Structure formats: structure tokens, C-alpha cells
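Counting starts at 1 for both ligands and their atoms, following the listed order. Small disclaimer: the values here were computed from a predicted structure and weren't measured.
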Amino acid sequence: MLAFCLMLPTLSDIMRPVCNHLTGSIMTTPFIIGIAGGSGSGKSTVTRKVIEAAGTEHTAVIIQDNYYRDQSDLTFEQRIHMNYDHPHAFDWALMAEQLDDLRNNVPIQMPTYNYTEHTRAKETVVVAPATVIVLEGIFALYDKALRDMMSLKIYVDTDPDVRFIRRLTRDIQERGRSMDNVISQYKATVRPMHNQFVEPSKRFADVILPHGANDPAVDMITAKIISLIQSS
Ligand SMILES: Nc1ncnc2c1ncn2[C@@H]1O[C@H](COP(=O)(O)OP(=O)(O)O)[C@@H](O)[C@H]1O
Ligand SMILES: O=c1ccn([C@@H]2O[C@H](COP(=O)(O)O)[C@@H](O)[C@H]2O)c(=O)[nH]1
């Protein structure tokens with residue numbers, strides 16, 4: 001088995017089998033899908049619908065928000081004034097390292113994030129390698145190193161007013177915010193950073209989903225994932 005594993009790098013990179021050192025079995029390089037789009041565009045909804053339809057057994061989801069930098073060294077007062085819509089807010093090295101691990105069929109300890117406290121939570125989540133891996137987040141298509149690992153790049157395109165209304169409702173209901181807080185953050189950082197960094201990343205997309213999580217688009221992505229799983 002060892003000799004066979006050592007010969008593997010000469011095989012095609014597209015369906016490159018790698019040796020799982022724990023089981024000795026041969027596994028295929030995962031198919032990585034990036035799903036980007038503005039805050040409130042429907043990225044999480046698209047991801048959830050697709051994974052529900054394709055089944056969780058052969059799929060894994062990496063939520064990019066979990067890679068916001070750990071800010072436990074800052075006070076809460078300092079944390080609420082940070083810009084969470086600039087690329088600098090993220091731990092890109094950890095994200096690339098963990099996505100690369102999954103690409104090489106190595107399980108990861110994904111960090112988790114607390115939006116109410118604006119910092120990384122203590123808990124981590126084990127993510128096992130899977131045939132299809134989805135990376136979802138506002139900057140999923142921003143970084144070249146991550147893009148180069150992806151086989152399918154999707155941008156969820158939703159009108160700004162719709163995104164704002166959804167974010168307002170969600171942040172008040174689920175992220176412990178007030179209406180004034182959501183409005184001032186949107187004007188100060190969310191909107192300008194979206195225009196500067198998120199929207200321009202659309203040009204890297206293979207597929208653009210108009211109107212967010214629309215059913216025909218979700219059905220097409222699901223069909224692609226199911227066919228990948230069946231052929232793996
Ligand atoms: N097509 C849709 N129709 C109605 N509500 C939606 C739709 N897509 C998303 N939402 C709602 O809008 C909010 C933001 O959606 P979400 O998928 O979390 O966006 P994102 O992950 O891009 O920030 C959520 O409360 C979600 O339930
Ligand atoms: O501490 C934080 C961390 C993030 N945010 C906001 O979250 C969104 C990204 O999440 P979506 O699920 O894509 O909406 C980003 O626009 C940040 O502004 C935050 O407010 N506080």
C-alpha cells in the first residue's frame with residue numbers, strides 16, 4: 001500500500017486520489033465550491049437548501065464568518081467599533097490552511113464565532129473531509145489562494161434594499177442588535193466595504209445567482225453536487 005500511495009502524485013490532478021493515512025483507503029480530491037455575496041444576499045440560505053437536498057453525508061460546509069479574528073484581547077467597547085466588512089477582519093492564514101487540509105482529506109477543528117460578543121467562541125467544530133465542500137461567506141471569492149482551490153465559484157446577487165431589510169430583521173432577531181445599531185453599522189462600514197470589496201469579487205464567479213436563493217438556481221447547483229457525489 002505504501003508503494004502505491006507514493007506513486008499517486010503522477011496521477012491527474014483533477015480526480016487526484018490521495019491516500020488516507022488512517023484507513024489506507026484511496027480518496028478523491030474534494031470538489032470545493034465557493035459561495036459569495038453581500039450580507040443578507042441569501043448565501044447561507046442557498047447553502048442550507050443545497051446541502052439539505054444533496055444530503056449531508058458527502059458534503060461539508062465551511063462558514064467563513066467563523067474565521068473572523070479572535071478578539072478576546074479587546075474590550076467589548078473596542079470590539080463593537082471594529083470594521084467587520086474589511087478583509088483585514090479575517091484570519092486568512094487559518095482559513096487557507098484548514099481548507100487545504102480538507103482538500104487533502106484531513107479533518108479540521110473549525111473555529112466558531114459569537115456575533116453578539118463580536119469574538120471567536122471557545123468551541124470548535126470537527127469538520128470531516130467530504131466529496132463536496134462548500135465555503136460560504138461575503139469574501140469567499142476575494143482571496144486568490146482560496147479561489148485557486150475552488151472548482152465552482154458562485155456569487156449570490158441580491159438588490160441592496162432587499163439585503164438591508166433582511167439584515168435588519170435578522171440582526172435584531174438573531175444577533176442581539178438594535179435598529180439604530182444595524183442602520184449606523186450599515187452606513188459606516190457594511191455598504192462602503194460591500195461596494196469596495198464584495199461586489200467587485202463577482203467578476204471571479206462562474207455562476208451568478210440573481211434574486212438570491214431562487215429555486216431554479218438552487219435546483220441546478222443541487223443537481224451538480226448530486227452528480228459529483230454519484231461519480232465519486
Ligand atoms: N429568498 C428569500 N426569501 C425570503 N427570505 C430570505 C430569502 N433568502 C434569505 N432570506 C432570509 O434573509 C435573511 C438573510 O439570509 P441569509 O441566507 O442568512 O443571508 P447571508 O448568508 O447572505 O447573509 C435570513 O433571515 C433568511 O431567512
Ligand atoms: O462581530 C461581527 C462579525 C460580523 N458582523 C457582520 O456579519 C456580516 C457577515 O455575515 P453575513 O451572514 O454574510 O451577513 C458582515 O457584513 C459583518 O458586518 C458583525 O456585525 N459583527
Residue from F90, Y115, F139 passing ring pair (Phe, Tyr, Trp, His ring centres under 6.0 Å) with Y68: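 It is F90; the other options fail the test.
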
If you count the non-hydrogen atoms of other residues, nucleotides and ligands that lie under 6.0 Å from CZ in R191, is the total more than 12?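 No, because the 6.0 Å sphere around CZ of R191 holds 12 heavy atoms or fewer from other groups.
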
Top protein contact for [atom], by heavy-atom distance:
{"atom": "atom 1 (O) of ligand 2", "answer": "Y113 OH, 2.6 Å"}
{"atom": "atom 21 (O) of ligand 1", "answer": "S44 OG, 2.5 Å"}
{"atom": "atom 19 (O) of ligand 1", "answer": "G42 N, 3.2 Å"}
{"atom": "atom 6 (C) of ligand 2", "answer": "R167 NH2, 3.8 Å"}
{"atom": "atom 20 (O) of ligand 2", "answer": "Q185 NE2, 2.9 Å"}
{"atom": "atom 5 (N) of ligand 2", "answer": "Y84 CB, 3.8 Å"}
{"atom": "atom 14 (O) of ligand 2", "answer": "S39 OG, 2.6 Å"}
{"atom": "atom 17 (O) of ligand 1", "answer": "T45 OG1, 2.5 Å"}
{"atom": "atom 18 (O) of ligand 2", "answer": "D85 OD1, 2.5 Å"}
{"atom": "atom 7 (O) of ligand 2", "answer": "R175 NH1, 3.3 Å"}

I138 heavy atoms, cut-off 4.0 Å: which ligand 2 atoms fall inside?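 Per the distance check, 13 (O).
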
For R170, counting its heavy atoms only, list the atoms of ligand 2 lying under 4.0 Å from any of them.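 Matching atoms, with element in brackets: 11 (P), 12 (O), 14 (O).
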
[X] to ligand 2, any heavy atom closer than 4.0 Å:
{"X": "M193", "result": "no"}
{"X": "M82", "result": "no"}
{"X": "E117", "result": "no"}
{"X": "R177", "result": "yes"}

Which of the atoms in ligand 1, numbered in the order shown and given with their element, are less than 4.0 Å from a heavy-atom of R170?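 Listed by number with element: 18 (O), 23 (O).
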
Atom indices of ligand 1, in the order listed, that fall short of 4.0 Å to a heavy atom of G38: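 By the 4.0 Å cutoff, the relevant atoms are 22 (O).
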
So is H118 polar-close to ligand 2, meaning N/O to N/O under 3.5 Å?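 N/O-N/O distance under 3.5 Å: yes.
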
Has ligand 2 got any nitrogen or oxygen that is less than 3.5 angstrom from a nitrogen or oxygen of K43?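 Yes: some nitrogen or oxygen of K43 is under 3.5 Å from one in ligand 2.
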
Out of curiosity, is S41 lining ligand 1, as in a heavy atom under 4.0 Å away?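 Yes, S41 has a heavy atom closer than 4.0 Å to ligand 1.
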
Tell me whether G212 reaches ligand 1 (any heavy atom closer than 4.0 angstrom to a ligand atom).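 It does not; every heavy atom stays at 4.0 Å or beyond.
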
Among H211, E174, R166, which one puts a heavy atom closest to atom 1 (N) of ligand 1?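 Checking each option, the heavy atom nearest atom 1 (N) of ligand 1 is found in R166.
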
Intermediate values then yes/no, side chain to side chain contact (heavy atoms under 4.5 Å, CB included), Y142 and R147: CA-CA 8 Å; Y142 174 79; R147 286 199 309 274; 5.6 Å; no

Any protein heavy atom sitting closer than 4.0 Å to atom 7 (C) of ligand 1?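 So atom 7 (C) of ligand 1 has protein heavy-atom neighbours under 4.0 Å.
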
With side chains defined as the heavy atoms from C-beta onward, is the minimum distance between H194 and Y186 less than 4.5 Å?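 In short, these two side chains do not touch, never coming nearer than 4.5 Å.
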
Is the side chain of D143 donor-acceptor paired with the backbone N or O of A145 at a distance under 3.5 Å, no angle test?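 Checking the backbone N and O of A145 against the side chain of D143, a donor-acceptor pair under 3.5 Å is found.
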
Side-chain donor/acceptor of D91 to backbone N/O of Y67, under 3.5 Å: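 Between the backbone of Y67 and the side chain of D91 there is no qualifying donor-acceptor contact (under 3.5 Å).
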
If I compare all heavy atoms of L94 with all of P111, which pair ends up nearest, and what's the gap?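 What the structure gives for the nearest pair is CD2-CG, 3.9 Å.
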
Does the pair T28 and T131 meet the rule for a side chain to side chain contact (heavy atoms under 4.5 Å, CB included), with working shown? CA-CA 7 Å; T28 305; T131 307; over 6 Å; no

Taking 4.0 angstrom as the limit, do E199 and K202 come out as a salt bridge?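 Counted as a salt bridge, because a side-chain N and a carboxylate O are separated by less than 4.0 Å.
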
Does the pair V162 and H211 meet the rule for a side chain to side chain contact (heavy atoms under 4.5 Å, CB included), with working shown? CA-CA 9 Å; V162 176; H211 326 302; over 6 Å; no

To the nearest 0.5 Å, how far apart are CD in Q98 and OG1 in T124?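 Q98 CD to T124 OG1: 9.0 Å, rounded to 0.5 Å.
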
Separation of I229 CD1 from F31 CZ (nearest 0.5 Å):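 F31 CZ to I229 CD1: 11.0 Å, rounded to 0.5 Å.
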
With only distance considered, is S39 within less than 3.5 Å of ligand 1 through an N or O on each side?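 By distance alone, the answer is no.
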
Would you mind telling me if ligand 2 is within reach of the side chain of D65, the backbone, both or neither, using heavy atoms under 4.0 Å?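 It is the side chain that gets close, since no backbone atom is under 4.0 Å.
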
Would you mind telling me if ligand 1 is within reach of the side chain of K43, the backbone, both or neither, using heavy atoms under 4.0 Å?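 For K43, backbone and side-chain atoms both sit under 4.0 Å from ligand 1.
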
Residue of the set T158, I154, V218 for which side-chain contact (heavy atoms from CB on, under 4.5 Å) holds with L209: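 One option only clears the test, and that one is I154.
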
Applying side-chain contact (heavy atoms from CB on, under 4.5 Å) between V127 and each of N66, D101, L102, report the one that passes.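 The side-chain contact (heavy atoms from CB on, under 4.5 Å) with V127 is passed solely by L102 among N66, D101, L102.
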
Hphob cluster co-occupancy, I33 + L146, side-chain heavy atoms under 4.5 angstrom: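 In one cluster with I33: L146, no.
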
Side chains of D180 and S178, donor plus acceptor under 3.5 Å: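 No - no donor-acceptor pair under 3.5 Å links their side chains.
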
